[in-house]
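Read through the structure below, which is laid out as structure tokens, and then see the notes.
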Amino acid sequence: MRIIRAGTVLTGRPGEVITDGEVLIDGSRILAVGPRGSAGDAPETLDLPGHTLLPGLVDAHVHLGFDGTVDPVTGRSAVSDGHLLLRMAENARKLVSAGVTTARDLGGRGFLDLTLRDAIEGGLAVGPHLIAATRPITVTGGHCWYMGGEADDEPSVRRVARENLRAGADCLKVMASGGEMSPGSVPSWRAQYPAALIRAAVEEAATRGRTVAAHAHAPESIRNALEAGVTTIEHCTFHTPAGPAYDARLADRIAESGTYVCPTVHGQFWNLRALVGAEPMDRWLGNLAAMREAGIRLVAGTDTGFAIAGLDKRTDDYVSGLEVFAEAGFGNAEIIELATVRAADACGAGAETGSLEAGKRADVIAVRGNPLDRLADLRALELVLVSGRSVSQKHVDTVTPSVG
């Protein structure tokens with residue numbers, strides 16, 4: 001057992017701040033959280049004055065193995081599975097180096113995400129806990145078709161869903177709309193599936209206690225995903241042929257349903273603004289603020305792991321995405337909530353992680369300063385624990401035996 005003490009402890013529960021607090025950890029689990037001295041003694045203590053302890057961050061939407069070299073006609077890639085797996089492992093290492101201790105990988109080929117997930121859990125690789133969706137379910141020739149999840153009718157949707165789940169998928173991903181990353185596929189402003197086919201995937205996931213994330217840009221695809229009962233809507237840009245067009249009535253329906261939305265906010269926002277112009281990006285930023293005002297449960301997810309339009313969406317740039325929420329008018333406390341406890345709940349991992357509570361996994365980070373005052377302090381990492389295992393610790397020399 002060991003105790004970690006800090007000037008501030010943010011439990012992740014809304015509004016709960018412990019000044020001069022501590023966390024008692026036994027192996028991979030948290031035993032107690034409270035003010036200094038409340039946990040008694042332990043064989044080891046780590047004292048971090050001037051620091052903040054908080055739950056490990058959660059990235060609800062990544063692609064550790066997105067392969068941009070795929071031939072759009074044959075679906076073949078110049079990158080071997082072995083090479084891609086090594087790249088994924090490096091992306092996972094970078095992700096955890098940014099303080100992310102849980103990440104949901106929403107689409108990859110060859111079940112490589114499951115291989116990496118199990119390697120991390122077995123101690124063979126360094127990274128966050130992975131929640132893996134494996135092959136996205138998409139129409140023939142649709143967005144990300146080359147990942148192996150093509151399905152055009154209810155029997156085939158159910159077949160692909162069952163194959164993914166049998167392989168060990170932690171959740172399912174359905175491409176409710178098209179996308180821009182797959183040449184020749186349906187554009188992002190058009191729906192790919194009716195609600196009935198998305199619901200088939202939801203039903204299959206429910207048989208294993210799993211959730212469904214829906215890639216949905218077009219308003220019609222958002223409505224279809226909502227009607228089908230998915231757990232999370234990814235992107236939710238209200239994209240039309242003329243660009244983002246916020247639909248207040250649809251947003252109200254999302255809020256009333258309690259469905260989570262991961263708007264995939266990443267740190268390339270400002271570079272994209274310079275590339276495509278201020279007007280469309282500021283309109284998108286306004287949509288983000290409007291969804292918050294509508295009461296939609298937004299969560300942090302970066303959609304990182306590949307380059308787009310020459311811009312590198314790096315897996316170690318997580319905090320820059322949170323700063324975009326701040327640009328849209330979100331307060332620091334709310335941003336930390338949507339990056340921890342709320343994101344964990346959206347990913348179906350809230351019983352295990354996302355907050356500092358007795359019985360939960362010891363997914364803990366320590367930063368210099370206080371991110372409630374300055375969000376950028378989340379970059380000043382001193383300690384990252386994944387299930388109690390230290391993957392980044394600068395102050396190991398301050399660990400001392402307890403006295404008394």
Side-chain angles (χ1 to χ4, degrees), residues 57-64 100-108 111 113-114 117 121 128-138 144 147 149 151 154 157-177 192-193 195-216 221-236 253-264 296-303 338-355 360-361 363:
L57 304 171
V58 178
D59 194 328
H61 190 130
V62 300
H63 294 280
L64 297 180
V100 174
T101 59
T102 300
R104 187 173 56 160
D105 193 310
L106 287 181
F111 303 114
D113 49 356
L114 302 182
R117 178 198 66 189
E121 295 302 321
H129 295 287
L130 290 183
I131 298 165
T134 71
R135 306 171 303 174
I137 301 173
T138 190
C144 294
M147 292 182 181
E154 183 173 334
V157 167
R158 292 185 182 276
R159 174 183 55 78
V160 174
R162 290 172 184 173
E163 288 173 353
N164 286 359
L165 293 166
R166 184 178 61 190
D170 301 302
C171 61
L172 296 178
K173 170 80 171 292
V174 177
M175 297 302 194
S177 76
Q192 287 197 154
Y193 282 125
L197 293 192
I198 302 173
R199 189 180 302 113
V202 172
E203 290 170 354
E204 293 297 332
T207 65
R208 303 285 187 98
R210 301 293 191 253
T211 60
V212 174
H215 163 105
S221 68
I222 296 169
R223 282 190 290 269
N224 291 341
L226 196 61
E227 183 180 335
V230 302
T231 302
T232 67
I233 297 174
E234 310 300 307
H235 312 301
C236 200
R253 285 184 56 196
I254 297 170
E256 290 167 5
S257 73
T259 304
Y260 294 95
V261 168
C262 180
T264 56
I296 292 174
R297 296 198 290 181
L298 299 168
V299 300
T302 57
D303 199 15
L338 63 84
T340 56
V341 62
R342 198 189 300 173
D345 287 341
C347 293
E352 285 287 297
T353 193
S355 60
K360 288 196 174 183
R361 286 196 312 241
D363 297 336

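How far NZ of Lys173 is from OG1 of Thr138: 9.5 Å, rounded to the nearest 0.5 Å. With rounding to the nearest 0.5 Å, the separation of CG in Leu338 from CG in Asp345 is 12.0 Å. In this structure, the separation between CD on Glu234 and OG on Ser221 is 12.0 Å, given to the nearest 0.5 Å. Going from atom CG of Asp59 over to atom OG1 of Thr302 covers 3.5 Å, rounded to the nearest 0.5 Å. Once rounded to the nearest 0.5 Å, the distance linking CG of Asp303 with NE2 of His63 reads 4.5 Å. Rounding to the nearest 0.5 Å places CG of Asp113 at 12.0 Å from CD1 of Ile131.
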Check step by step if salt bridge (charged side-chain N to carboxylate O under 4.0 Å, His left out) holds for Arg199 and Glu227.
-> CA-CA 8 Å; Arg199 189 180 302 113; Glu227 183 180 335; 3.6 Å; yes
Apply the test salt bridge (charged side-chain N to carboxylate O under 4.0 Å, His left out) to residues Arg117 and Asp105: give CA-CA distance (whole Å), side-chain angles for both, the deciding distance (0.1 Å), then the verdict.
-> CA-CA 10 Å; Arg117 178 198 66 189; Asp105 193 310; over 6 Å; no
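Among all heavy-atom pairs drawn from Ala346 and Val299, the shortest one is CB-CG1, 3.8 Å. When every heavy atom of Ala176 is checked against every heavy atom of Ala214, the shortest pair comes out as CB-CB, 4.4 Å. In this structure, Ile222 and Ile254 approach most closely via the heavy-atom pair CG2-CD1, 3.8 Å. Looking at every heavy atom in both residues, Glu154 comes nearest to Ala200 through CG-CB, 4.0 Å. Across all their heavy atoms, Thr264 and His61 have their closest contact at CG2-ND1, 3.6 Å. In terms of heavy-atom proximity, Leu114 sits nearest to Gly168 at CD2-O, 3.6 Å.
Salt-bridge formation is detected for the pair Arg135/Glu163: a Lys NZ or Arg NE/NH1/NH2 atom is positioned less than 4.0 Å from an Asp or Glu carboxylate oxygen.
Each of Leu165, Asn164, Leu172 was checked for a side chain to side chain contact (heavy atoms under 4.5 Å, CB included) with Thr134, and the lone residue meeting it is Asn164. When Thr211, Val212, Thr232 are each tested for a side chain to side chain contact (heavy atoms under 4.5 Å, CB included) with Cys171, only one passes: Thr211. Residue Cys347 forms a side chain to side chain contact (heavy atoms under 4.5 Å, CB included) with just one option from Arg104, His129, Glu352, and that option is Arg104.
Of the possible donor and acceptor atoms, one in the side chain of Lys360 sits under 3.5 Å from a partner among the backbone N and O of Gly350. Not a single donor-acceptor pair under 3.5 Å links the side chain of Tyr193 to the backbone N or O of Met175. No donor-acceptor pair closer than 3.5 Å links the side chain of Arg158 to the backbone N or O of Glu204.
Scored by the salt bridge (charged side-chain N to carboxylate O under 4.0 Å, His left out) test, Asp363 finds Arg361 as partners (sequence neighbours excluded).
Between His215 and His235, the ring planes are perpendicular. Angles over 60° get that label, and only those under 30° would be called parallel.
At a threshold of 4.5 Å between non-hydrogen side-chain atoms, the residues Leu130 and Leu64 count as touching. Residues Thr101 and Val58 form no side-chain contact, since every pair of their non-hydrogen atoms from C-beta on lies 4.5 Å or further apart.
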